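Beneath this line is the structure, given in structure tokens, with notes to follow.
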Protein chains: 2
Amino acid sequence: VKGLLISATLIGTAIAANPSLIPWPSRIALGQDRLVIDSGFSVVVDAQDPRLALAVTRFVARLSRQTGIPIQEAFGPISGRVSLTIHCAAPASGYPKLGDDESYQLEVSAAGATLTAPISTGVLRGLETLAQLVEAGPDGFFLPGVTIDDKPRFPWRGLMLDVSRHWMPVPVVERNLDAMAAVKMNVFHWHLSDDQGFRVESKRFPKLQQLGSDGHFYTQAEIRQVIDYARDRGIRVIPEFDIPGHATSWLVGYPQLGSAPGPYQIERNWGIFKPTLDPTRETTYTFLEAFLAEMTALFPDPYFHIGGDEIDETQWKASGRIQAFAKKHGFKTSPDLHSYFNRRIQAILKKHGKIMIGWDEILHDGIEPSAVIQSWRGKDSLAEAAKKGYRGILSSGYYLDHLNTAAFHYQNDPGEDPGGHILGGEACMWTEYVDTETVDSRIWPRAAAVAERLWSPADVRDIAAFHGRLIPVSRSLDWVGVQHRSNYAPMLDRIAGNSEEAAIRTVADAVEPFGIDIRQAARHYSSSTPLNRLVDAARPESESIAELEQLARAGQKPGQNNDQLRATFTLWTLGPEFISQDNYLLAEVASVARDLAEVGAIGLQILDQMKSGNAATENWIIEKKQLLDKLEQPRAEVRLAAVRPVRDLLDGMSRSPGLAVSH
Amino acid sequence: VKGLLISATLIGTAIAANPSLIPWPSRIALGQDRLVIDSGFSVVVDAQDPRLALAVTRFVARLSRQTGIPIQEAFGPISGRVSLTIHCAAPASGYPKLGDDESYQLEVSAAGATLTAPISTGVLRGLETLAQLVEAGPDGFFLPGVTIDDKPRFPWRGLMLDVSRHWMPVPVVERNLDAMAAVKMNVFHWHLSDDQGFRVESKRFPKLQQLGSDGHFYTQAEIRQVIDYARDRGIRVIPEFDIPGHATSWLVGYPQLGSAPGPYQIERNWGIFKPTLDPTRETTYTFLEAFLAEMTALFPDPYFHIGGDEIDETQWKASGRIQAFAKKHGFKTSPDLHSYFNRRIQAILKKHGKIMIGWDEILHDGIEPSAVIQSWRGKDSLAEAAKKGYRGILSSGYYLDHLNTAAFHYQNDPGEDPGGHILGGEACMWTEYVDTETVDSRIWPRAAAVAERLWSPADVRDIAAFHGRLIPVSRSLDWVGVQHRSNYAPMLDRIAGNSEEAAIRTVADAVEPFGIDIRQAARHYSSSTPLNRLVDAARPESESIAELEQLARAGQKPGQNNDQLRATFTLWTLGPEFISQDNYLLAEVASVARDLAEVGAIGLQILDQMKSGNAATENWIIEKKQLLDKLEQPRAEVRLAAVRPVRDLLDGMSRSPGLAVSH
């Protein structure tokens, strides 16, 4: 294969933007020729694993969807041209395992593509690379010539989804598994119980789901269906039952497990709550022993998550009986008691062949060294766990519900780990402020930054190059099934009512939602609060504002044509005229539209000033900056991202020699 | 209930726009108060039909989706407030019948809503009305106070879907059944076989689907699933097996049925083709007798469609044996032979308890009067059929694949019919130029015009009022499940590649696709031609251009602020700068963008002229009009709808006394 071999360290922006692969492979060399994709695309699979046939069928269906070309699936020995040949020496184990070989080699040339992997998991990863390689060219769709030799940096690359705060039915889970597979994530961490809902059918203790879920739970058949679905995509499923805190929903049906008498109600609010399992009663362990016997049989993965975060000690402190127990056993603090509970649970899990995982609060002396620590409060706990000999996974810095930028997550590295204690990391989607309609746009595309951080070599860290690849990958994820882009219009439609869609969209494109901190401070939210407002429809990072920022930075040169910026700023100034306020969803949009109109007016003033050729005074610039700072303050739980390109223009004015500041 | 009783004849634009109901009810009176919708919304059903529980569950789920409020379903005797009470004297028949009573009465006030119907079909219709009544107000969502007494004008209100030219899997059918139900359509006409594919599993003659479908067919279990799905929504399912023409796909597996020897291949092109069943051999009827015995048992509806359109007589004329048969029986023309075939088929269907329907070519002497004629070639055939005593349904003027406007279909009335021969009509979606991705946007929202024409009183015909209601109803259909709006962004994403999404969207918003006539003339299409270009993504009627037209008409007054038009025209002029041409999808967009830039430039010149306060010369106006006419010519199979608002400005200029034309 012709072409230049590029090691990961040499990737520049220009090359990285094309092809648009996420995660970027360990080694990649671009060739000069192309493999044309047409309706005769054919595949030969030289392998034993029947799951590969399913994977190839999915790949071909996606190719059809992505190119619009109806491609007949073609398997087995074929006369004539073979587009893609797959070699795989051995099938994967029935269910994916931590540390499975995920490597693959891919060669594409005009003559055809060859995908080779030691086990079928690598084929799955390579097919996703192939799908991302598809490009439209002057004569139609094609795969660029390329040689790839790829394998992951970390073996644990996960997404945690909270299905307790807001219920997420099976189709939501499945479409997100498809998106995970597209960026080569391999662990689905399923947060199945919390104060607000117990989401799994227990046949042994049916009141868990009957009284603890409002009827929104997965049957065991559905759990098995999701596990199979994930397995087919090379994704492990780790269940989490969060104990002993975050356990209100358990206590509605089984109040005798609580540290206080009850009765208990399903929690409808967000926060940390008092109901906690009683760690001192043997009956608690009898119950958990039977419950975990059932659940460890349901979930095949050897790792089992017990939560263990945010224990509120109120009930423990208030109970004379619990305090007497603690004293008798020499437990001085609530964490000591928590540690006792964890050791008991670890023993039960061990009996059922499972390895315990927990949030970093479980890290106490006495926990057996097999335990895995999931670090969420800070990276230090990951290092601390490793020092003590525990394995760990990083989630601090990967909380998607904080609505940080993709770049923020991208720069958050688990660190080098010669001892092999750092298994990888997990992006976490807590769902207080998302529902089935908005969850996709809060996970995607930003989780792809975590996916690349955990798969690609540590020295793949050029943010501009990553952004260049992220836009096309984000677009393609909608064809995989998640609705982070396609759901935007229907949500804006609902807000628009009888108003003009374009005006509403102009505002929504110009703002970005704030995350959990600002939202919980802004108003009282509960599980029945509709999540249908501007803040919910707007996307965490506005692509159109990012484009305007590029224009603004380019537009600082004197003599530059700034008509696009001028037209956009003009539309911003006109928004309020076209937005009625006759409903509560629109009233809020109208208020943001008024602020946006101010930003637009400032932008037009700056463009006029630039066009005049006269230098602006320092005071004039300072005044504008102060106005922009004020307009950037949170309102309606959104940030006016529109401020950024206008400030870019202003910054350019201060710097530009042609527009030197005079007094 | 307070409020003014409005008969259908008195509806004005202002009232019709609010509430946004399609179809508009027979009688409606608006009240003054409102029924608030919150998470405690509850329903009591006083009826026996178990299907009503399913319908209410769907209604509540839709209410949740539409309002973002998680509503718990509440059935049966409830303490406390009841939001909606449903009275229904009798269940519907198991399977919906032509002429079923679909009437219902609805009362909404602050105290609650009451829905009453003689049979449960009316409840289904009333629930759709309720869902359309939902509005967002200053304090949240509500149902406006209203009294409605409603029933349909015609008993047959259908949608025909061709699943042969492009395969439409079950989910596509089901989401369109949901949308049909939302606008009270009650017949799903399933065009199941044609030259390009035979789409039903036959157990008796399995080579039909095995060799005639490329593997894309419905199993009998899937057929039953769709029938049940439709039945639950009060929709009848009419199968169509198109014979004796349009029958190539039958002959691939069973060439002995053909009028010429064969062998036959599945047809990959569009048009009228020669392969035709042999009407002269008894073995043809033996086959059809057995086949129809199987299919009439599978489909419960008493009406059965045999197609019968567009017979190409080449094979018949070329066969000495067929000609000898015709001569022996005294058949002078191919239509005589066709008529003989139809009489034989009618007899077979009658034996199985079915009533024959066919396209208007079947209208010949000798067909029994029970037959129903579907008029597609012109309204005359409907009148002619009625005169001869046949019942008929209108499809001429309701062909959605022609991409006419909603207004065009809305004005196409089946006519008054004192004799009861006109049963109603059907919108027809032929799928040469649509696939699973684009079919929804070619059916919706325009089919809603047909739905209203066939349900509402004949004197409900104010187009402006209809358009005012159509926009919100179109928006709400996406929440029902069809993807005519949500699919727009993903399709534009694919075209955009690495280009700026906003620039692509600007072009797509400014154009409208042409229908079958222009497309088939523009280039060669076959079943493997990708339908992923600008013409496929663009929507039949651009809402944003309609908004600009309103602005342009309002903006003709001197002194009017035309900043929005100016900003939009400016963006049009800038498009080409931001659209790369590095792929074949974009190259086409770029060429349209250059024309759009010209339209924008003319628009800016007109605005400058208007702003100057000087009158334009007649020549100047004529020159601009000629330029616009040229720019409106078809290119890339789309129409530059953007021309319309610019022409509106120009027309206003000629008329405006303040801008009188001077020479």
Side-chain angles (χ1 to χ4, degrees), chain A residues 17-18 20 39 65-70 72 135-140 214-215 435 437 468 471-472 475-476 478-479 483 485-490 493-498 500-502 527-528 530-532 536 543-544 547 563-564 566-568 570-571 573-574 577-578 582-587, chain B residues 17-18 20 38-39 65-70 72 135-140 214-215 435 437 468 471-472 475-476 478-479 483 485-490 493-494 496-498 500-502 527-528 530-532 536 543-544 547 563-564 566-568 570-571 573-574 577-578 582-587:
Chain A
N18 190 2
S20 292
S39 57
R65 214 154 51 236
Q66 197 161 341
T67 60
I69 303 169
Q72 305 301 328
E135 277 180 54
D139 308 313
D214 296 311
D435 61 15
E437 191 170 43
I471 289 175
R475 289 172 178 175
S476 74
D478 231 298
W479 310 324
Q483 301 170 0
R485 295 177 68 85
S486 57
N487 226 343
Y488 192 48
D493 281 351
R494 181 168 55 204
I495 293 170
N498 281 314
E500 286 186 25
E501 183 205 11
S527 57
S528 60
L531 298 174
N532 58 356
D536 302 298
E543 277 184 20
S544 51
E547 284 169 14
D563 286 352
Q564 166 107 5
R566 184 175 291 279
T568 305
T570 303
L571 289 176
T573 64
L574 297 167
E577 204 178 313
F578 295 95
D582 64 0
N583 78 51
Y584 83 101
L585 296 169
L586 278 174
Chain B
N18 190 1
S20 292
D38 58 26
S39 56
R65 215 155 51 237
Q66 197 162 341
T67 60
I69 303 169
Q72 306 299 329
E135 278 180 53
D139 308 314
D214 297 310
D435 61 13
E437 192 171 43
I471 289 175
R475 290 171 178 176
S476 74
D478 230 298
W479 310 324
Q483 301 169 1
R485 296 177 67 86
S486 58
N487 228 342
Y488 192 47
D493 282 351
R494 181 169 55 206
N498 280 314
E500 285 187 24
E501 182 207 11
S527 58
S528 60
L531 298 174
N532 57 357
D536 303 298
E543 277 185 20
S544 51
E547 284 170 13
D563 286 353
Q564 166 108 4
R566 183 174 292 277
T568 305
T570 303
L571 289 176
T573 64
L574 296 168
E577 202 177 316
F578 295 96
D582 63 0
N583 80 49
Y584 83 100
L585 297 169
L586 278 174

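This structure is a prediction, so every number in the text was calculated from the model and none was measured.
A 4.5 Å side-chain heavy-atom check between A:Thr570 and B:Thr570 finds every atom pair outside the cut-off. Counting heavy atoms from C-beta on, the side chains of B:Asp38 and B:Thr67 never come closer than 4.5 Å. Looking at A:Leu531 and A:Glu437, their side chains never come closer than 4.5 Å, going by heavy atoms from C-beta outward. You'll find the side chain of A:Glu135 stays beyond 4.5 Å of the side chain of B:Asn583, heavy atoms only.
Looking at A:Thr573, there are no atoms closer than 4.5 Å to chain B (heavy atoms on both sides), in backbone or side chain. Of the atoms belonging to A:Ile471, not a single heavy atom falls under 4.5 Å from chain B. Residue contact with chain B, scored on non-hydrogen atoms closer than 4.5 Å, is absent for A:Tyr488. For a residue to count as touching a neighbouring chain, one of its non-hydrogen atoms must lie under 4.5 Å from one of that chain's; by this rule A:Ser544 does not touch chain B. Contacts between A:Gln564 and chain B at a heavy-atom distance below 4.5 Å involve backbone atoms as well as side-chain atoms. Heavy-atom distances place the backbone of A:Arg65, and not its side chain, under 4.5 Å from chain B. The part of A:Asp478 that comes within reach of chain B is its side chain, from C-beta onward, which places non-hydrogen atoms under 4.5 angstrom from that chain. Interface remark: B:Glu501 contributes backbone and side-chain atoms alike to the contact with chain A (heavy atom separation under 4.5 Å). A:Asn532 touches chain B through its side chain: at least one heavy atom from C-beta onward sits under 4.5 Å away, while N, CA, C and O do not.
Minimum interatomic distance between B:Asp563 and A:Leu574 (heavy atoms only, all atoms of both residues): C-CD1, 3.5 Å. A:Ser20 and A:Gly468 make their closest contact through OG-O, 4.3 Å (heavy atoms, listed as atom of the first residue, atom of the second, distance). Counting all heavy atoms, side chain and backbone alike, B:Ile69 lies closest to A:Ser528 at CG2-O, 4.4 Å.
The choice from A:Pro530, A:Pro70, A:Gly215 that makes the most heavy-atom pairs within less than 4.5 Å of chain B is A:Pro530. If you tally non-hydrogen atom pairs under 4.5 Å between each of B:Arg566, B:Arg485, B:Arg494 and chain A, the highest count goes to B:Arg494. Heavy-atom pairs under 4.5 Å with chain A peak, among B:Ala136, B:Ser39, B:Ala587, at B:Ala136. Contact count against chain A (heavy-atom pairs under 4.5 Å) is highest for B:Ala496 among B:Ala496, B:Ser476, B:Ala502. Counting heavy-atom pairs closer than 4.5 Å to chain A, the top-ranked of the candidates B:Pro490, B:Ser527, B:Ala489 is B:Pro490.
Taken from OG in A:Ser486 to CG in B:Asn487, the straight-line distance is 7.5 Å, to the nearest 0.5 Å.
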